[in-house]
Amino acid sequence: MANVTDGFGSSILGYPRIGPHRELKRALESYWHGTLDRDALLAVGREIQETQYLELAATGLTQVPGNTFSFYDHVLDNALLFGAVPKRFEPYREGLHPLDFYFLMARGRPDLPPLELVRFFNTPYHYRQPELDTDTEFSLHPEALLDEFDRAKASGIELRPVVLGPLSLLLLSKTGHVPGETEFDKLVLLDKLLPVYEELFEILAKRGATCVQLDEPCFTSDRSPSTLELFEKTYQRLSKAPLRPRMLVTGQYGDFGEALEILARSNVEAIGLDLASHRIRPDDLAKIPGIKRKRLYAGVISGTNVWRADRYVTLDYLNQLAQVCPDMVVSTGATLLHVPYDLLVEYELEDHVADRLAFAKQKVLEVVSLAKALTEGPNEKWRKRPREVHFKQKHAVRQRVYNVTPQMREREPYETRKIAQQARLRLPLVPATTLGSFPQTVAARQARYDLGQGKLSHDEYRKRIEAEIEATIRLQEDIGLDVLVHGEHERNDMIQYFAELLDGFATTHFGWVQVYGSRCVRPPILYGDVSRPEPMSVSWTTYAQSLTDKPVKGMVTGPVTMLARSFVRQDQPLYETADQVALAIRDEVVDLEKAGIAIIQVDEPSIRELLPLRAKGRAEYLRWAVGAFKLATSGVKAETQIHTHIGYSSREDVVQAIDELDCDVTAIVATRSIEWVLKALTDDCAEGHGLTHGVGPGVYESRSARIPDIDELDELLTAAAEAVTPERLWANPDGGLKTRHHWQLDPSLRNMVAAARRVRRRAESSGE
């Protein structure tokens, strides 16, 4: 750690790890497909690591983080660092290379489900959830961490190893997965875990590390008094370890709250605050006892959005903070994992958009520049203010939002709609469907690429995509699904496709961000007023409907998910932007209905991603988020059935909100957490609220290669039918099938249809 007499330091809390050109993604997928050997994959990982820490050191950062690279997921890496291997995987460890065993836990195999995929706080990133039981034993396995540290040291760079804090490691894990074992308090394992952290500290200190970063993001959420007491005891103990580096404890993604006060009175040397997400007034910071003795990592540069900081406002704020905490390091508020690598490669972004942006490389330079200006004062370059950039407002869009009435967010009562829809659709009990996407063939991807390159006419492109749609319709008919989809072959991504067709969004060529493993997306940039110039999905859906007598769902991404998975403008309230997007989606939904589409699915898998981590603000968020969705979906007649897809909705706060969305059918990601869903379906409904309309608790995991058998699916659907009655139950996977191969989805869907028919026959024979 830099000495305060050297001036104000500069650092970041983490960096993207997929490689500037997605080198890791390509290497991983080649390895999994058997076309790249293990040594070559490991070499790609080393190259990404070394290039990263050399480049970061060259920028002028006074501290460079280490152990931020991962071959799949950093939470899983930390679980393995401390030896937290679930019992169900232990028999497979012997005989497997450690890397292959790691991928087994992350990806599973047909007879062994992987660790559950769970959203990481209020980001689009998802992690593989560690599994703990009462007998879990921890042990230290620091080989990868130490190897990187030693290689960097040989190059003259001392890394600051980044490790998930002990309480967050436990709190992010899952219990109750072992047959016969109920859930238990994960924190009872803390006493077994802390000695392993102390062991790691001693090894790092002897290796020459002067600082270790412990991330405790779970404490930017509300925690019980007993958990906060454990937090205090943990850092009292760790700070008294006989041999250790200095400790930096960070609270990323929000307000560190009570944890900040606890750390301030502890012997922990440094605290990292996400001041980009939650700006603390210097006067309030000064009131915290002990804070002036700490090194403050002032996270004024956001790690979760791409907007350039106002350097004058930010520098003024830092100067005020320095009066409270003179030992200060300018930093990012969170790891830069969640933003793209480099803005300068985006050659087609218009200047009025690009001038307001900063990707990971630019954010590092912002940090270095602010630290230098804080130490030396603004130079000549700073005195010349950059050109102010303003976006032209669209009066018609804004006026339309102001004219929205409460009636525009309401449909006829559900019971009325239910009768009208039954008369129109005549679906069987427990209808079987999917949630939208089917695998993208090489031909479809090539056609989309050739169209973008000008090598293919629009007419020829349409013919090729229509051929893909017809093949998907015929396959679904053969499988026996009751409600079909067109497969979304024309879409590169459920967000980007619509962003490219809506005014007010910009898209990138190389702005890739990791979602999990090798899965990457290019989040659009929502910079201006949003409107829909013309229909976006109607022609593809109506073509699919013309091929079959079975209903084909229209598929549209919901307004909140469009916001959650984009980098959204910050110059107006989020609820106002949400309503702008909702009105554009409303136009699309109405046009689908006019074209004869009887079922329209408006996906909101990310409605939780914007939910405030603390209770304060959640009610207001849910109010406008639900309102935006209802604005998007309430322009249709009673006979048109509206579906939605909700992802990772295990927060009790959201249960009632789901029902308030007033969808006719809600599909829920539930394969690995179906017990929670069934409990919500029974307990909450008994209390008069909760999930009272049609429900499709996803019965197999769409992101896994595993093929579930008929009996397993039958058991899940039977339990769901008992909770909600067969009249309300739908059978579906828990997500789209874009990432699957046909040899995986074909038997899985056939087994799902067979299981649904079993449940249907039993219900019909019992007279239900």
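- Just one residue in the list V560, V602, V626, I642 forms a side chain to side chain contact (heavy atoms under 4.5 Å, CB included) with L661, and that residue is V626.
- In this structure, the side chain of R356 does not engage the main chain of H352 through any donor-acceptor pair within 3.5 Å.
- For S566 (side chain) and P523 (main-chain N/O), no donor-acceptor pair under 3.5 Å exists by modelled atom type.
- Side-chain contact between L611 and L622 is present, with at least one heavy-atom pair separated by less than 4.5 Å.
- At least one side-chain heavy atom of E588 sits under 4.5 Å from a side-chain heavy atom of P535.
- A donor-acceptor pair shorter than 3.5 Å cannot be found between the side chains of R740 and S748.
- In this structure, the side chains of L456 and R464 come closer than 4.5 Å at one or more pairs of heavy atoms.
- When side chains are defined from C-beta on, E346 does not count as touching E348, because their heavy atoms never get closer than 4.5 Å.
- No hydrogens or angles considered: a donor-acceptor pair under 3.5 Å links the side chains of S702 and D734.
- Taking the six-membered ring wherever Trp is involved, the centroid distance between the rings of Y516 and F120 does not fall below 6.0 Å.
- Nearest heavy atoms, F567 versus H338: CZ-O, 3.6 Å.
- Judged purely by distance below 3.5 Å, without hydrogens or angles, the side chains of Q580 and E576 never pair a donor atom with an acceptor atom.
- With 3.5 Å as the limit, one finds no donor-acceptor pair spanning the side chains of S634 and E410.
- R411 contributes no side-chain N or O that, together with a main-chain N or O of R417, makes up a donor-acceptor pair within less than 3.5 Å.
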